[in-house]
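To start, the structure under review is shown below, and the notes come after it.
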Amino acid sequence: MLDIKYLRDNFAAAEKALATRSGKVDLSGFQMLDQQRRELLNEVEALKAEKNKVSALIGQTKDKSQVQGEISRMKEVSAQIKILDDRLREVADNLSELLMGVPNIPHPQSPVGASEDDNVEVRTWGDKPALNFTPKAHWDVGEGLGILDFERASKLSGARFCVYFGAGARLERALINFMLDLHTTEHGYTETLPPFLVNRASMTGTGQLPKFESDLFHTEDVDLFLIPTAEVPVTNLHRDEILAETDLPICYAAYTPCFRKEAGSHGKDTRGLIRQHQFNKVEMVKFVRPEDSDAELESLLGNAEKVLQLLQLPYRVVDLCTGDIGFSASRTFDIEVWLPGQECYREISSCSTFSDFQARRASIRFRREGAKKPELVHTINGSGLAIGRTLLAVLENYQQEDGSVLIPEVLQPYMGGMTKIVK
RNA sequence: GGAGGAGUGGCCGAGUGGCUUAAGGCGGCGGUCUUGAAAACCGUUGAACGCAAGUUCCGUGGGUUCAAAUCCUACCUCCUCCGCCA
């Protein structure tokens, strides 16, 4: 959520900045609702002050017959307060509904652009593998080895699911453990294992609700949602809390499965592991002081890159343009891994700062040493990394002409010393 | 699932309709005393909106009343017991 005061005082600038995003942002009605709300608030508060004063007086008067007139007058004032309170609530609800639907202001350094074609490549790392045969896509590699089974998964659950067998299942588990170990022992993150189902308040706090309910799986008999990313439960860990400045930065790493409906992407990436309804991910989440947020995003991005470097997978880093960043984010760097089977880079991590946007929605604050008023923290998060996409990248980059797949050195201890997956 | 009990400030905890501006304690902060510290004593110590006056917040939402932390009601959460269960 944007700061209502900021929006009030910088309306034109905000409108201009938001126009660089994709999709129309409708701010019409804000100024009228905001003014109405403040007028009603003034009016109703004056009446309440009057009521409180007179009621205290009535309380002090022993002989109530002396104040019968005041009592009946207060009866009317109370009725009036009720009417105004109802109107105020309606206006305030409309205003907050409007504000909840407004995306974050892009970071001043985010490149301005209309679509992903305008994203800026920041750097590339690693050499694309020189294969002296035509590389296969990971679904062919995986099915050839009998470690991935899309057909049986669709029998169990439908499209966009996968069953892993044998070394494939173990490779997925190895990647999870490898990444968690790296972030917790080398990068200073605290491991968390949160619930995979969360309530409406949590989904609203990080920005998935109210606008993107159709992307979420929802349970029928109780009002809970399957998490689309660990960002949701982990960021909401400190919802409605005031943190100590000395506690910051707080850094969490969490493995969770993620569930996404992928509504609106029918026909896109229908084959393989790229776009699944359920996938595993290790996520990094930080709570930081505002002045540290740019540097903390850089270091989180570096932590994610380190995973690919240790796995020896070539990648590039892309600075997303204003037209391509997500609803709650103000700046996003994507890491895209090279896939020789498809001859393209594909997103494997998305690292974003949300400035104070999520912190304001979820009321996550901190108090500076000696300061009286609490301030909003900045929240930052990024995948470190998406597990399924990492596995797929390993299959495509480490495939051999005979259909086998070498296991990256750093994963071998996690695979019981296995160096190669063969049929 | 059934039966009871409970939710009050950072924490503990008093408070069954109007001097509550939420007592008291613990913790935190500042001070006095001290070579220094401890102890003792004194003071101070929640949040939101507002330029301010002021308003709101005692789990959440409704209701009763001139007046609600306090009464009614629905819901949520936690605890105890019973049942079921990995």
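Residue numbers start from 1 in every chain, and the chains themselves are labelled A, B, ... in the order their sequence lines are given, proteins ahead of strands. Every value quoted in this text rests on a predicted model; they were computed, and no experiment measured them.
With C1' as the reference atom, C58(B) and A68(B) are 11 Å apart, rounded to whole Å. Taking the P atom of each, U16(B) and G7(B) are spaced 12 Å apart, rounded to whole Å. G9(B) and A3(B) are spaced 30 Å apart, taking the P atom of each and rounding to whole Å. For G24(B) and C72(B), the P atoms lie 29 Å apart once the distance is rounded to whole Å. For G4(B) and G83(B), the C1' atoms lie 15 Å apart once the distance is rounded to whole Å. Look at the P atom in both G18(B) and C12(B): the space between them is 26 Å, to the nearest Å. The same atom, C1', is picked in G10(B) and in C42(B); the two are 23 Å apart, to the nearest Å. Taking atom C1' on both C11(B) and U60(B), the two are 23 Å apart, rounded to the nearest angstrom.
As the counterpart of A67(B), no nucleotide is assigned, since no Watson-Crick or G-U wobble pattern has both distances under 3.5 Å. Partner assigned to G54(B) is C49(B), using Watson-Crick or G-U wobble distances below 3.5 angstrom. Of the nucleotides present, C76(B) is the one that pairs with G7(B) by Watson-Crick or G-U wobble criteria, both distances under 3.5 Å. Using N1 to N3 plus N6-O4 or O6-N4 for Watson-Crick, or N1-O2 and O6-N3 for G-U wobble, each under 3.5 Å, U44(B) pairs with G28(B). Across the strands present, C81(B) finds its partner in G2(B); the criterion is a Watson-Crick or G-U wobble pair with both atom distances under 3.5 angstrom. Summarising the base pairing, U20(B) is matched to no nucleotide, lacking a Watson-Crick or G-U wobble pair whose two defining distances lie under 3.5 Å. The base-pairing partner of A38(B), taking Watson-Crick or G-U wobble contacts with both distances under 3.5 Å, does not exist among the strands shown.
Contact annotation: Ser72(A) side-chain N/O to C66(B) OP1/OP2 distance is not under 4.0 Å. Side-chain nitrogen and oxygen atoms of Lys373(A) include at least one within less than 4.0 Å of the OP1 or OP2 phosphate oxygen of A48(B). Under 4.0 angstrom from either OP1 or OP2 of U45(B) there lies no side-chain N or O belonging to Arg367(A).
More than 12 heavy atoms of other shown residues, nucleotides or ligands fall within 6.0 angstrom of atom NZ in Lys211(A).
In this entry the distance linking CG of Asp223(A) with P of C76(B) reads 12 Å, nearest Å. Atom P of nucleotide C66(B) and atom CE of Met74(A) are separated by 11 Å, given to the nearest angstrom. Distance Asp240(A) CG to U77(B) C1': 15 Å, rounded to the nearest Å. The interatomic distance linking Asp9(A) (CG) with C51(B) (P) rounds to 10 Å, in whole Å. Note: CZ (Arg38(A)) to C1' (A52(B)) measures 14 Å, nearest angstrom. The CD atom of Glu90(A) sits 18 Å away from the P atom of G61(B) (whole-angstrom rounding). To the nearest angstrom, C1' of G50(B) lies 16 Å from CD of Gln35(A). If you measure from atom CZ of Arg239(A) to atom P of U77(B), you get 14 Å, rounded to the nearest angstrom.
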What protein N or O atoms touch nucleotides 53-58 of chain B N or O atoms at under 3.5 angstrom, if any, and at what distances?
{"residue": "G54(B)", "atom": "N2", "partner": "Glu45(A)", "partner atom": "OE1", "Å": "3.0"}
{"residue": "U55(B)", "atom": "OP1", "partner": "Asn52(A)", "partner atom": "ND2", "Å": "3.3"}
{"residue": "U56(B)", "atom": "OP2", "partner": "Asn52(A)", "partner atom": "ND2", "Å": "3.4"}

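Listed candidates were G18(B), A67(B), A48(B). Nearest to the side chain of Pro374(A) is A48(B).
Ring-centre distance between Phe217(A) and His277(A): below the 6.0 Å cut-off. Outside the 6.0 Å centre-distance limit, the rings of Phe279(A) and Phe259(A) are not counted as a close aromatic pair.
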Fill in: Asp319(A) vs Arg331(A), salt bridge (charged side-chain N to carboxylate O under 4.0 Å, His left out): CA-CA, chis, key distance, verdict
CA-CA 8 Å; Asp319(A) 193 351; Arg331(A) 188 171 207 199; 2.6 Å; yes
Fill in: side-chain contact (heavy atoms from CB on, under 4.5 Å) between Tyr414(A) and Asp181(A), intermediate numbers included
CA-CA 11 Å; Tyr414(A) 292 92; Asp181(A) 285 350; 2.7 Å; yes
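When side chains are defined from C-beta on, Leu301(A) counts as touching Glu305(A), because their heavy atoms get closer than 4.5 Å. The closest side-chain heavy-atom distance from Phe287(A) to Tyr252(A) is below 4.5 Å.
Backbone-only contact: Arg8(A) has heavy atoms under 4.0 Å from sugar-phosphate atoms and none from a base.
Heavy-atom minimum distance, Pro228(A) versus Cys258(A): O-CB, 3.2 Å.
Ring planes of His183(A) and His187(A): tilted class, angle from 30 to 60°.
Residues Arg89(A) and Ile242(A) both approach RNA chain B. Their nearest nucleotides, taken by heavy-atom distance, put Ile242(A) toward the 5′ side. In terms of position along RNA chain B, the nucleotide closest to Ser55(A) lies nearer the 5' end than the nucleotide closest to the other residue of the pair Arg37(A) and Ser55(A).
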